[in-house]
Amino acid sequence: GEDVEQSLFLSVREGDSSVINCTYTDSSSTYLYWYKQEPGAGLQLLTYIFSNMDMKQDQRLTVLLNKKDKHLSLRIADTQTGDSAIYFCADLSGTYKYIFGTGTRLKVLA
Amino acid sequence: EAGVAQSPRYKIIEKRQSVAFWCNPISGHATLYWYQQILGQGPKLLIQFQNNGVVDDSQLPKDRFSAERLKGVDSTLKIQPAKLEDSAVYLCASSLATGPYEQYFGPGTRLTVT
């Protein structure tokens with residue numbers, strides 16, 4: 001079946017940029033999403049990108065998509081302690097099925 | 001606008017017992033999802049409803065799991081009998097319709113099977 005992979009951990013200093021990476025296998029991907037999950041809470045949609053785009057910027061967030069390599073990244077500028085959470089990449093296939101990655105735990109050091 | 005509601009928030013049961021989870025989606029949302037999130041993993045779709053019909057239940061272990069959304073609003077997910085490997089957070093989400101619409105997630109129910 002289709003798969004979405006992410007690195008498990010990322011640690012950055014407050015004020016630095018964070019880059020979280022994701023690779024996927026689905027060739028029929030329509031949209032790709034980034035979600036944030038804080039402890040004890042459900043997932044919150046941060047941003048998304050249509051599969052025929054290569055970049056999207058939304059305030060401190062920049063999403064880059066390399067469709068040829070099936071690689072997605074999320075850059076958070078000026079990372080704050082409140083950004084500490086688990087970040088999930090998700091793929092929406094052509095049959096409208098969501099596949100989530102394993103999540104990257106971001107720790108922001110003060 | 002009220003968010004997706006789930007209850008209970010926590011449940012501890014012994015293996016072979018049964019358990020049920022309840023979800024109330026955002027008003028007007030036709031599509032409802034149940035996900036299983038095992039510790040350290042991403043959410044895995046168990047079942048997706050469009051109104052009161054099942055769109056996808058390919059990853060639902062149908063020998064022990066069942067779900068219903070009888071009036072196209074609230075939904076219940078049941079496990080009977082539970083196994084140790086069912087310990088997870090069960091997340092409910094809803095969206096306006098099936099397709100590239102934002103999913104809104106509830107806080108989840110944390111199930112521990114001992």
Side-chain angles (χ1 to χ4, degrees), chain A residues 1-9 20-26 28-53 56 58 63 65 72 74 85-106, chain B residues 1-10 21 23-26 29-50 53-60 88-112:
Chain A
E2 304 300 348
D3 197 20
V4 177
E5 297 277 344
Q6 297 178 240
S7 53
L8 291 181
F9 299 103
I20 302 170
N21 295 300
C22 168
T23 57
Y24 60 97
T25 60
D26 182 11
S28 68
S29 180
T30 57
Y31 287 83
L32 292 136
Y33 300 82
W34 285 103
Y35 285 85
K36 177 182 181 182
Q37 186 177 37
E38 296 184 89
L43 278 68
Q44 175 193 1
L45 179 65
L46 286 178
T47 187
Y48 65 92
I49 188 167
F50 187 44
S51 59
N52 71 352
M53 297 171 65
K56 181 179 180 181
D58 186 357
V63 179
L65 174 61
L72 182 74
L74 174 69
I86 301 175
Y87 290 80
F88 292 94
C89 167
D91 161 43
L92 180 64
S93 73
T95 54
Y96 294 139
K97 182 172 180 174
Y98 285 91
I99 301 166
F100 285 82
T102 48
T104 299
R105 185 179 294 273
L106 174 65
Chain B
E1 159 181 275
V4 176
Q6 290 188 247
S7 68
R9 291 296 313 275
Y10 306 92
F21 311 128
C23 173
N24 181 231
I26 292 173
H29 280 193
T31 305
L32 185 147
Y33 311 79
W34 282 104
Y35 290 91
Q36 180 192 58
Q37 186 178 19
I38 292 172
L39 186 66
Q41 299 182 18
K44 182 182 87 170
L45 180 68
L46 292 176
I47 189 166
Q48 178 181 340
F49 292 96
Q50 174 77 9
V54 175
V55 173
D56 184 351
D57 64 356
S58 58
Q59 297 190 96
L60 186 74
V89 175
Y90 291 85
L91 294 165
C92 179
S94 70
S95 63
L96 274 173
T98 296
Y101 297 93
E102 181 173 353
Q103 290 187 79
Y104 293 83
F105 282 81
T109 296
R110 182 177 296 276
L111 174 68
T112 302

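By convention in this document, chain letters (A, B, ...) are assigned in the order of the sequence lines, proteins followed by strands, and residues within each chain are numbered from 1. Not measured: the values here are computed from a predicted model.
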Quiz item: Contact part of Y10(B) toward chain A, heavy-atom cut-off under 4.5 Å: side chain, backbone, both or neither?
Solution: neither

Quiz item: Contact part of R110(B) toward chain A, heavy-atom cut-off under 4.5 Å: side chain, backbone, both or neither?
Solution: neither

Practice problem: Measure distances from L43(A) to the heavy atoms of chain B and classify the residue's part below 4.5 Å as side chain, backbone, both or neither. | Solution: both

Quiz prompt | Residue selection (most heavy-atom pairs with chain B, distance under 4.5 Å) from Y31(A), Y98(A), Y33(A), F50(A) | solution = Y98(A)

Quiz item: Only one of Y87(A), F100(A), Y48(A) clears ring-ring contact (aromatic ring centres under 6.0 Å, His included) with Y35(A); which?
Solution: F100(A)

Self-check item: Test item: side-chain donor near acceptor, S29(A) and D91(A), under 3.5 Å
Solution: yes

Self-check item: Step-by-step side chain to side chain contact (heavy atoms under 4.5 Å, CB included) determination, C89(A) to Y24(A)
Solution: CA-CA 9 Å; C89(A) 167; Y24(A) 60 97; 5.8 Å; no

Quiz prompt | Toward chain A, the part of Q37(B) with a non-hydrogen atom under 4.5 Å | solution = side chain

Quiz prompt | From CD (Q6(B)) to CG (L91(B)), nearest 0.5 Å | solution = 6.0 Å

Self-check item: Options Q37(A), R105(A), Q6(A), ranked by heavy-atom pairs under 4.5 Å with chain B, top entry
Solution: Q37(A)

Quiz item: After noting the C-alpha distance and the side-chain angles of W34(A) and L72(A), does the key distance pass the side chain to side chain contact (heavy atoms under 4.5 Å, CB included) rule?
Solution: CA-CA 10 Å; W34(A) 285 103; L72(A) 182 74; 3.4 Å; yes

